[in-house]
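Can you keep this structure in mind? I'll have questions shortly.
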Amino acid sequence: MSDLRVRFAPSPTGYLHIGGARTALFNYLLAKQQQGTYVLRIEDTDVERSTQESVDAILQAMEWLGLACDEGPFYQSDRFDLYKEKVQQLIDEGKAYRCYCTQEELDAKREAAMKEGRKPKYDGTCRNRDDQPDAPYVVRFKLPTDRDETTFNDRIKGPITFRHNELDDLIIQRTDGTPTYNLVVVIDDAEMGINLVIRGDDHVNNTPRQVLLYEALGYSVPEFAHVPMILGSDKKRLSKRHGATSVMAYQEMGYLPEAMVNYLVRLGWSHGDEEIFSMDDLIEKFSLENVGRAAGVFNPEKLDWLNSHYIKTGDPERLAKLLTPFLENKGVDVNNGPDMVAVVKTLQERATTLVEMAEGAAFYFATTIEYEEKAKNKFLTADKQELFTLLVAELNKCEAFDEANLETAFAAVMEGTGLKFGKIAQPLRVALTGGTASPSIYHVLEVLGKEEALKRINAAVAVLG
RNA sequence: GUCCCUAUCGUCUAGCCUGGCCCAGGACACCGCCCUUUCACGGCGGCGACGGGGGUUCGAAUCCCCCUGGGGACGCCA
């Protein structure tokens, strides 16, 4: 057991998105690799926007991805007393003060500053007042003036320095008495013994303020590793208009968690020329040193490729279990049909997602085949009467539908009709599946079984025309 | 606007720290050929990048500077 302690700290104001999932993954991998501890903390200090549904959705997504935490989940809403105490401590030590400026005043100043091309900063109006008016106030952290810049050494980006004149006195407690993010994140990370903070690089700008707060509160400062953002195809921050951003939406679209994990980790991290990584591979091979520094574009095609890879190589028993709900969603009665595992095996090489696999599998379970218009017109024509008659006769001779028997039967049909295999297979395929694309005709026959196959052929004969 | 980060094929990236092995390697996508009972799988091949300009050096994708592009932050959100 090493002393590495990392955490993932989402705010429950929505589902777990792609970017958050990747951050969680990186934390998890490093913790497992170093036999450290991975803590999950729910950052719900914004009482207005935090919901239990979001918490549940996040937990569910983490479980789906296989990112079980070692400690937690902890809720910041349970810890308000601690934060209050720390705020008071800072006030008592003269490191924080009450500010009575109203929201309207601040908004006006901010707007004015922007307009003049200045960086909007709090001007320190209340910094030195010693009266205590009977009015609403916030508590601000007094920006230390004992030095004029703060530097931290980012594990991914290297040393980053901010000049204090770029900073201002940030609010650590709201008018309603609740604490704000920058304060609680410091207190919790410190109190929970987090020594490496891995998070999105949209937090880089918050880091110097947080370093200052660690120091003011007498905590030791952890290490930081800021991972780059994920962008959409137009290089804008990934959002709904680029497609699904919720991890669980991908589950619903038929993606496998191992594909998602593999994709996410390779977006911004690499290990030579390797592309395929199991969770165990990743725990062994992941390293912060090989995380890129630039933002990456989310590429659904590559996710597709990985997903088809994992479907192709996946355990059919497991895939069968995963596929079932997708078939049921399509209104397919899975109890009335061939063995699901056998079905899966015929489709593993031809499906990119479980949704696609369900589409490809539906015909196996159909009670009556609906023929595609074009397929029927082309292949179920009157002149096929003789072919189907012979086919039925030969197939009937088969004891069981296995490859050897079927080959014999088809050889006989080819002999009898003088047709090439393809000329027989395609009409038969339409009869059996309703369409012109399906798994190998032998496999379809095998999976369907003799009785059902003959039933379908006879049904097709009845509509020849 | 200000500050911070960043920059190799369309995309994800290897190479950069420790200059020459790189007229830049892999993967996805795309195109072609082969395989083939359909659709796929697979195999083989192709297209395709060091953002620009200055330096340093015998030599730069690799080191330095400037420019430009992209992202992020600037909330009583996290």
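Naming convention: chains lettered A, B, ... in sequence-line order (proteins, then strands); numbering from 1 in each chain.
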Could you give the distance separating B/rG55 and B/rC47 at their P atoms, to the nearest angstrom?
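One P to the other, the span is 34 Å.
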Does B/rA78 have OP1 or OP2 under 4.0 Å away from a side-chain N or O of A/Thr45?
yes
Taking for each residue the nucleotide of RNA chain B with the nearest heavy atom, is it A/Glu301 or A/Asp176 whose nucleotide lies nearer the 5' end?
A/Glu301
Any side-chain N or O of A/Ser270 less than 4.0 Å from the OP1 or OP2 oxygen of B/rA14?
yes
Answer whether the closest heavy-atom distance between the side chains of A/Arg155 and A/Glu289 falls below 4.5 Å.
yes
Other residues, nucleotides, ligands: >12 heavy atoms within 6.0 Å of A/Gln52 CD
yes
Distance-only side-chain donor-acceptor flag, A/Tyr364 / A/Thr346, under 3.5 Å
yes
Go through the steps for A/His203 and A/Tyr181 under the test ring pair (Phe, Tyr, Trp, His ring centres under 6.0 Å), then give the verdict.
CA-CA 11 Å; A/His203 286 291; A/Tyr181 167 74; 5.4 Å; yes
Hey, is the side chain of A/Arg350 pairing donor to acceptor with the base of B/rC41 inside 3.5 Å?
no
Please determine, for the side chain of A/Thr175, which listed nucleotide (B/rG25, B/rG72, B/rC76) has the closest atom?
B/rC76
Given the C1' atoms of B/rC23 and B/rU36, what is the spacing between them in whole Å?
40 Å
On RNA chain B, more 5' by nearest nucleotide between A/Thr13 and A/Arg266 is A/Arg266
Expressed in whole Å, how much space separates the C1' atoms belonging to B/rA14 and B/rU38?
40 Å
Considering only side-chain heavy atoms of A/Glu166, which listed nucleotide, B/rU37, B/rU6, B/rU2, is closest?
B/rU2
Hey, is the side chain of A/Arg110 poking within less than 4.0 Å of OP1 or OP2 on B/rG75, counting only N and O atoms?
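So the side-chain polar atoms of A/Arg110 do come within 4.0 Å of the phosphate oxygens OP1 or OP2 of B/rG75, strictly under.
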Roughly how many Å is it from CD in A/Glu289 to P in B/rG15, rounded to a whole number?
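Going from CD in A/Glu289 over to P in B/rG15 covers 12 Å.
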If anything within 90° of 0 is syn and all else is anti, what is B/rC44?
anti
Below 4.0 Å: OP1/OP2 of B/rU13 and any side-chain N or O of A/Lys302
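The answer is no; no side-chain N or O of A/Lys302 sits under 4.0 Å from OP1 or OP2.
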Suppose we call a contact any N or O donor and acceptor under 3.5 Å apart; does that hold for the side chain of A/Ser438 and the base of B/rC39?
no
Give a yes/no answer on whether the side chain of A/Arg293 brings an N or O atom under 4.0 Å of OP1 or OP2 in B/rC16.
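Answer no for this pair, as no side-chain N or O of A/Arg293 is under 4.0 Å from OP1 or OP2.
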base_contact_polar (B/rG26 base, A/Glu274 side chain, donor-acceptor, <3.5 Å):
no
Is the NZ or CZ atom of A/Arg98 positioned over A/Tyr137's six-membered ring, under 6.0 angstrom from the centre and within 45° of the axis?
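Yes, A/Arg98 sits over the ring of A/Tyr137.
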What is the separation between atom NZ on A/Lys235 and atom C1' on B/rC5, rounded to the nearest whole Å?
15 Å
Check every strand shown and say whether A/Val138 touches a base, only sugar-phosphate, or nothing at a heavy-atom separation below 4.0 Å.
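Contact class for A/Val138: base.
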Determine the Euclidean distance between corresponding P atoms of B/rG51 and B/rG10; express it in Å to zero decimal places.
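B/rG10 and B/rG51 have their P atoms separated by 11 Å.
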Should A/Lys236 be listed as having a side-chain N or O under 4.0 Å from OP1 or OP2 of B/rG71?
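Yes, such a contact exists.
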Nucleotide of B/rA78, B/rU11, B/rG72 approaching A/Val297 most closely (side-chain heavy atoms):
B/rU11
Looking across every strand, which nucleic acid part, if any, lies under 4.0 Å from A/Phe162 by heavy atom: base, sugar-phosphate, or nothing?
sugar-phosphate
Could you give the distance separating B/rG15 and B/rC31 at their P atoms, to the nearest angstrom?
31 Å
Within the structure shown, what part of the strands sits under 4.0 Å from A/Asn206 by heavy-atom distance: base, sugar-phosphate, or nothing?
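Here A/Asn206 touches the bases of the nucleic acid.
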Using 4.0 Å as the upper bound for N to carboxylate O, is an ion pair formed by A/Glu111 and A/Lys109?
no
Distance between the P atoms of B/rU57 and B/rU62, in whole angstroms?
16 Å
Side-chain donor/acceptor of A/Asp201 to base of B/rG72, under 3.5 Å:
no
